[in-house]
Amino acid sequence: MTSNPDEKKQTDSAEATPARSNFIRDIIDEDNRTGKFDGRVQTRFPPEPNGYLHIGHAKSICLNFGLAADYNGKCNLRFDDTNPAKEEQEYIDAIIENVRWLGFEWGDKVFYASDYFEQLFQWAVQLIKAGKAYVDDLTADQIREYRGTLTQPGKESPHRSRSIDENMDLFERMRKGEFPDGSRVLRAKIDMASPNINLRDPVLYRILHAEHPRTRDKWCIYPMYDFAHGQSDSIEGITHSICTLEFEDHRPLYDWCLDQLGIYHPKQIEFARLNLNYTVLSKRKLIKLVQDKHVRGWDDPRMPTLAGVRRLGYTPEAIRNFCDLIGIAKSNSIAEIGMLQYCVRQDLNKRAQRVMGVLKPLRVVITNYPEDKVEEFDAVNNPEDPTMGTRKVPFSRVLYVEQEDFMENPPNKFYRLSPGREVRLRYAYFIKCVDVIKDEQGNVVELHCTYDPETRGGDAADGRKVKATLHWVSANHAQAAEVRLYDHLFDRANPNEEVEDGDFTAFINPNSLQVLESAWIEPSLAGAAAGSFYQFERLGYFCVDPDSKTDKLVFNRTVSLKDEWAKVQKNQPS
RNA sequence: UGGGGAGUCGCCAAGCGGUAAGGCAGCGGACUUUGGAUCCGCUAUUCGUAGGUUCGAAUCCUACCUCCCCAGCCA
């Protein structure tokens, strides 16, 4: 008890920030304390290969793989491939690639529920023999009628009391393919009057004469999610089977199957899935965007898919940090897309090389600068990271600056170029606007400026200050580029809101993509590889799109820089 | 008017009977050759509502309100 409070403070602040607490960690801690799973932590990420992974899946991936890492356990990547009608190899491949891209490892084995089909079948047989399952001949419509409603109990199927022998015979023949799709199902015999509808004799197996991406035509009966998931968890020795809230009602069934079978019993835990404003995060809706060509494909940079945000220029680090920041809880919530953008800026600020590029060029002639002279200035590659070094940027008499950096009649607080005003060209000189050239329509097409040789490098010998520093590019040296600017795919914060007429596509933002065909970038960017990312100073972070040609790079704007001037304009329109 | 969940700052989210963490956003200010970054301040007398228990409640009890999920041979 002699410790000095100041010392304690220092110790605390020096410690690495511990993983934030959440209810799942509490459960695991408690299980470890009581020895429920002998201190093991084994999780799994179980996607169904019926679509591409999106940012919502990233939350689950980070949770499951993160927990395994923190608790010294393992996390399996397991495909929940029990419905061949909707699943495809393309999705399996993309999912594997995306999880790896996000930065997670799972050893040499990818797991598939389909690997357990034979075992699952045997377990179904076990249930039948125990009188806990039966083959039902009712049609899908009849089963629905018999199920009752939310407030009324269901009634038992006339086939519910079939003999075990008859059930066995029928089930074997279902497997052999003697019956057409939909003609019969295997059902659990539980309780048609249960207040939990999932327990009203749920379907365990259905007949589906469809080719499975992995088992091909080996099977024509497939287990339902409820009969496959828990048992797959059991086979893999999963300790904590983490899923989303809508499966809470299924937990009694998850438990029932495992208990009836008398096999190892993992614990199912549910958490709230991620929602993000200004976008949609449901496979059904994303697939519609792709199929109806509202976007160019699964990897369209406007898509919230991992393939999409990757192409947009988001980094795995930023996404993982985002998943960490939003936390884990059980209340439905909609996170702000701004939080994600914050994470992207934070990561890219540390790592992106700075570069100059002009999106909407305005020609500037430095009238007192020699015609043929070319100077090279040293530019810092990243002020956040000196080890990234410097590069040379050529300067000459004719330049391009950003159209938005000039105003003929500047409002209050506009610090940039205007007639008679002096500004700094980054790394180069102070220039002063002396003349504004317009076309017949009165549009500003060119600026005549003078430079002050005494300000070479960007500092005035006499110590005079300038309020703005502009980015620029030398006209004779610049490379042509195409730049794609993206905005929210939807113009409504919550496009999932139900509306009287029309569906969510009615909220698609018609201006979500703006293509600038004639941007100019500094010559050091020539030949940049697809995927490489940069900060265009004062504008934002951009990355090279795979559509790039050797003679014309294509850039995607990943996210803009925070813009104080935009805020000023917005708050006091003048 | 069945069952299962959830309600703490504009948005996420800690808190687990001892007197409201943190992050994002926002607002001030410092600094600045990116109106970027960085830095420094400010922002819930109050935890869906109403009662109750307690010396003490966001935390326990009761009732009520609101929102989400479930009637696929989808997952």
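Scope of the values below: all heavy atoms of this structure, side chains included, with no hydrogens, waters or symmetry mates. Only a predicted model underlies this, so the values are computations on that prediction, with no experimental measurement involved. All chains are named by letter (A, B, ...) in the order of the sequence lines, taking the proteins before the strands, and each is independently numbered beginning at 1.
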Using whole Å, what does the distance between atom [atom2] of nucleotide [N] and atom [atom1] of [X] come to?
X: Leu276(A); N: C12(B); atom1: CG; atom2: P; result: 11 Å
X: Asn198(A); N: G3(B); atom1: CG; atom2: P; result: 15 Å
X: Asp136(A); N: C73(B); atom1: CG; atom2: C1'; result: 10 Å
X: Arg320(A); N: G23(B); atom1: CZ; atom2: P; result: 22 Å
X: Asn50(A); N: G72(B); atom1: CG; atom2: C1'; result: 14 Å
X: Ile24(A); N: A13(B); atom1: CD1; atom2: P; result: 12 Å
X: Leu138(A); N: G72(B); atom1: CG; atom2: C1'; result: 15 Å
X: Ile207(A); N: C74(B); atom1: CD1; atom2: P; result: 12 Å

Classify [X] by what it touches in the nucleic acid, base, sugar-phosphate, or nothing, heavy-atom distance under 4.0 Å.
X: Asp459(A); answer: base
X: His229(A); answer: nothing
X: Ile328(A); answer: sugar-phosphate
X: Val203(A); answer: sugar-phosphate
X: Asp249(A); answer: base
X: Phe247(A); answer: base
X: Ser333(A); answer: sugar-phosphate
X: Glu48(A); answer: sugar-phosphate
X: Leu470(A); answer: nothing
X: Thr139(A); answer: base
X: Ala140(A); answer: base

Any [X] side-chain N or O less than 4.0 Å from OP1/OP2 of [N]:
X: Tyr342(A); N: C24(B); answer: yes
X: Lys567(A); N: C27(B); answer: yes
X: Ser331(A); N: A13(B); answer: yes
X: Arg144(A); N: C73(B); answer: no
X: Arg206(A); N: C74(B); answer: yes
X: Asn196(A); N: A71(B); answer: no

Could you list the residues that satisfy side-chain hydrogen bond (donor to acceptor under 3.5 Å, both in side chains) with Gln341(A), not counting sequence neighbours? none
Can you label the angle between the Phe171(A) ring and the Phe121(A) ring as parallel, tilted or perpendicular, going by 30° and 60°? parallel
Under 4.0 Å between a side-chain nitrogen and a carboxylate oxygen: does that hold for [X] and [Y]?
X: Asp452(A); Y: Lys432(A); result: no
X: Arg351(A); Y: Asp385(A); result: no
X: Asp233(A); Y: Arg78(A); result: yes

Complementary nucleotide for [N] - Watson-Crick or wobble, under 3.5 Å:
N: U59(B); result: none
N: C24(B); result: G10(B)
N: G2(B); result: C70(B)
N: C31(B); result: none
N: U45(B); result: none

Go through the side-chain N and O atoms of Asn381(A) and Thr390(A) and say whether any donor and acceptor fall under 3.5 Å apart. no
Could you check, using the six-membered ring where one of them is a Trp, whether His229(A) and Tyr225(A) have ring centers closer than 6.0 angstrom? yes
Can you confirm if the aromatic rings of Tyr222(A) and Phe117(A) lie within a centre distance of less than 6.0 Å? yes
Minimum-distance nucleotide (side-chain atoms of [X] versus [options]):
X: Asn571(A); options: A14(B), C27(B), G23(B); result: C27(B)
X: Leu150(A); options: A75(B), A71(B), G4(B); result: A71(B)
X: Val185(A); options: G4(B), C73(B), C11(B); result: C73(B)
X: Tyr225(A); options: A75(B), G10(B), A14(B); result: A75(B)

Whole-Å [atom1] distance, [N] and [M]:
N: C74(B); M: G7(B); atom1: C1'; answer: 30 Å
N: C39(B); M: G51(B); atom1: P; answer: 46 Å
N: A30(B); M: C11(B); atom1: C1'; answer: 28 Å
N: G48(B); M: G15(B); atom1: P; answer: 16 Å
N: U59(B); M: U53(B); atom1: P; answer: 15 Å
N: A57(B); M: G4(B); atom1: C1'; answer: 27 Å
N: A21(B); M: C47(B); atom1: C1'; answer: 14 Å
N: A25(B); M: C31(B); atom1: P; answer: 23 Å

Does a distance-only test, which skips hydrogens and angles, find a donor-acceptor pair under 3.5 Å between the side chain of Asp26(A) and the base of C16(B)? yes
When the nearest nucleotide of RNA chain B is assigned to Thr455(A) and to Asn83(A) on a heavy-atom basis, which residue is associated with the more 5' position? Thr455(A)
Please tell me which of Pro195(A) and Lys59(A) maps to the more 5' nucleotide of RNA chain B, matching each residue to the nucleotide holding its nearest heavy atom. Pro195(A)
Here's a test for you: under ring-ring contact (aromatic ring centres under 6.0 Å, His included), which of Phe555(A), Trp520(A), Trp472(A) qualifies with Phe536(A)? Phe555(A)
The residue among Tyr112(A), Phe111(A), Tyr91(A) that forms ring-ring contact (aromatic ring centres under 6.0 Å, His included) with Phe79(A) is Tyr112(A)
Per-nucleotide protein contact string for nucleotides 34-42 of chain B (B base, S sugar-phosphate only, - none; heavy atom under 4.0 Å): BBBS-----
Is G72(B) syn or anti, taking syn as a glycosidic angle within 90° of 0? syn
Which of Thr455(A), Thr469(A), Leu425(A) passes side chain to side chain contact (heavy atoms under 4.5 Å, CB included) with Phe430(A)? It is Thr455(A)
Stacked cation flag Arg424(A) on Tyr429(A), 6.0 angstrom / 45 deg: no
